[in-house]
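Just so you know, these numbers use all the heavy atoms, side chains as well, and skip hydrogens, waters and symmetry mates. One-based numbering, in listed order, for ligands and for the atoms of each. Note that the coordinates shown come from a computational prediction; the quantities given were computed from them, not determined experimentally.
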Amino acid sequence: MNDTASTLDRVVREIADEMRQRTDRGEVATYIPELARVDPGAFGLVVVDASGYVAAAGDCDTPFSIQSISKVFTLTLALGKVGDKLWERVGREPSGSPFNSIVQLERERGIPRNPFINAGAIAVTDCILSGHQPREALGEILRFMQFLADDDSITIDNAVAASEQRHGYRNSALANYMKSFGVLDNPVEFTLGVYFHHCAIAMSCRQLAMAGRFLAQFGANPSTGLAVVQRERARRINALMLTCGHYDGSGEFAYRVGLPGKSGVGGGIIANAPGKASIAVWAPGLDASGNSRLGQIALEALSKRLGWSIFGA
Ligand code: GLN
């Protein structure tokens, strides 16, 4: 193990130990009843550096519900499918509103502000679904995750998907509202079915950090050396993660952590230090914006101790 690897190991272990002792863990999501069953004391952290070295601590191999983290990968797939035409039906501005807000949609004629709020992600899912059966579209998303993480064992937690489907009144409202403006091409129940199921993909921090490597590596998949996306696209996805990845907490995340990141209400966050590392953290308790409380604190500590903020150490 070289010097940088041992520093990385030490910092990751220190942060996991510090987080284990904290009591201010936030609240686990309950609006999807199945998510409320998670252990609020869980914490995992994994960093994969540019050489492929993996530093891991805590519950780093426990699969959890990735929820909105999936939106980064569906955005990547949709851009691959239709390119810049995607921007005809979804914007690229931070919303400053909660992830499930409906208020801007009326004023902006059914065009969601960005691909990471729920409305935007549902529009992105609709784009992936076009020309396919829901089962095929979902298979494509799952296989993409397995390919990026280099792990075929990744699956969908059907209990979580069913739980969200039963209680997804807000997302149904968003989808129906967009449909009324012609922003969705497919039957609302098909699009929502695919959306709920890709949010219910279960992955560990280790699998997520592996899957995020292409964003840290300017579009390349280090396992194959081949491009997952072009360099310019990786840069742009990172820009959207920085500005919109934490909803109405995005400014605060940029201020405190200074890295592109994307959260999910399962308590996971992926982030990356471009050229340096892909990171995944998991702590199920959330803050008022629906972002992992300890996850953000852990990433702030990591970025600070390693001098990784994109704005300078
Ligand atoms: N599936 C969740 C929802 O639509 C995703 C939200 C999130 O992770 N922020 O409400």
Side-chain angles (χ1 to χ4, degrees), residues 26-38 63-75 90 94-103 105 112-126 128 134 138 141-142 145 156-178 184 188-203 205 208 240-241 243-250 252-253 261-271 280-293 295-296:
E27 302 293 327
V28 305
T30 52
Y31 77 99
I32 301 172
E34 196 64 22
L35 292 184
R37 295 157 55 102
V38 72
F64 59 89
S65 196
I66 70 170
Q67 292 297 322
S68 288
I69 297 173
S70 60
K71 296 171 182 176
V72 173
F73 302 94
T74 49
L75 171 66
V90 58
S95 69
S97 304
F99 63 87
N100 55 4
S101 171
I102 199 165
V103 71
L105 270 183
R113 271 286 172 100
N114 69 64
F116 294 150
I117 52 173
N118 286 7
I122 292 167
V124 167
T125 301
D126 185 73
I128 296 173
L138 200 54
I141 297 166
L142 186 61
M145 298 307 301
I156 294 170
D157 185 333
N158 285 311
V160 171
S163 179
E164 182 164 12
Q165 201 137 24
R166 269 196 304 278
H167 295 85
Y169 305 111
R170 193 74 80 92
N171 285 323
S172 300
L174 293 169
N176 280 293
Y177 201 63
M178 286 190 287
L184 302 186
V188 165
E189 59 276 22
F190 284 13
T191 302
L192 281 175
V194 176
Y195 172 77
F196 292 142
H197 282 80
H198 75 62
C199 287
I201 292 173
M203 290 170 74
C205 285
L208 275 170
L240 289 164
M241 288 169 71
T243 51
C244 312
H246 285 74
Y247 318 110
D248 48 340
S250 298
E252 187 68 10
F253 188 83
K262 180 76 207 79
S263 66
V265 289
I269 302 178
I270 58 166
V281 65
W282 174 48
L286 308 177
D287 68 9
S289 301
N291 301 315
S292 170
R293 177 185 280 274
Q296 293 172 90

Open item on the list: Once you measure the plane-to-plane angle for Trp282 and Phe64, does it fall in the parallel (<30°), tilted (30-60°) or perpendicular (>60°) bin?
Closed with: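 Parallel: the ring planes of Trp282 and Phe64 meet at under 30°.
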Task: Asn291 and Glu252: side chain donor to acceptor below 3.5 Å - done: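 No, no side-chain donor-acceptor contact under 3.5 Å.
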I need the atoms of ligand 1 closer than 4.0 Å to a non-hydrogen atom of [X], numbered in the order shown.
| X | result |
| --- | --- |
| Gly264 | 8 (O) |
| Tyr247 | 7 (C), 9 (N) |
| Tyr195 | 1 (N), 2 (C), 3 (C), 4 (O), 5 (C) |
| Asn118 | 3 (C), 4 (O), 6 (C), 10 (O) |
| Cys199 | 1 (N) |
| Gln67 | 1 (N), 2 (C), 5 (C), 8 (O) |

Donor-acceptor contact present, side-chain [X] to main-chain [Y], <3.5 Å:
| X | Y | result |
| --- | --- | --- |
| Asn171 | Leu174 | no |
| Ser292 | Ala283 | yes |
| Arg293 | Asp287 | no |

Open item on the list: I want to know if ligand 1 touches Val265 in the polar sense, i.e. an N/O pair below 3.5 angstrom.
Closed with: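 Yes.
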Open item on the list: So, 4.0 Å and heavy atoms of Phe196: is ligand 1 close enough to count as a contact?
Closed with: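 So Phe196 does not count as touching ligand 1.
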TODO: Could you tell me which residues satisfy side-chain hydrogen bond (donor to acceptor under 3.5 Å, both in side chains) with Ser68, sequence neighbours excluded, listed by chain and number?
DONE: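 Here the qualifying residues are Lys71, Tyr247.
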Task: Heavy-atom nearest neighbour of atom 8 (O) of ligand 1 within options Ser68, Ala119, Ser70, Pro98 - done: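 Answer by nearest heavy atom: Ser68.
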Open item on the list: Minimum distance, heavy atoms only, to atom 3 (C) of ligand 1: which one of His198, His246, Glu164, His167 is it?
Closed with: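 Of the listed residues, Glu164 has the closest heavy atom.
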Open item on the list: For Asn171, which part has a heavy atom under 4.0 Å from ligand 1: side chain, backbone, both, or neither?
Closed with: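 The part of Asn171 near ligand 1 is the side chain, not the backbone.
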Task: Residue part near ligand 1, for Arg170, under 4.0 Å between non-hydrogen atoms - done: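 The answer is neither; Arg170 stays 4.0 Å or more away.
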Task: Protein residue, atom and distance nearest to atom 10 (O) of ligand 1, heavy-atom basis - done: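 Heavy-atom neighbour on the protein nearest atom 10 (O) of ligand 1: Tyr31 OH, 2.5 Å.
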Open item on the list: Counting C-beta onward and ignoring hydrogens, is there a side-chain heavy-atom pair between Val28 and Leu35 closer than 4.5 Å?
Closed with: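 Val28 vs Leu35: side chains apart.
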Open item on the list: Measuring only between side-chain heavy atoms, which start at C-beta, is Ile141 closer than 4.5 Å to Val194?
Closed with: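 When only atoms from C-beta onward are counted, Val194 and Ile141 do touch, with a gap below 4.5 Å.
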Task: Crowding at CD, Glu189 (>12 non-hydrogen neighbours, <6.0 Å) - done: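 Yes, enclosed.
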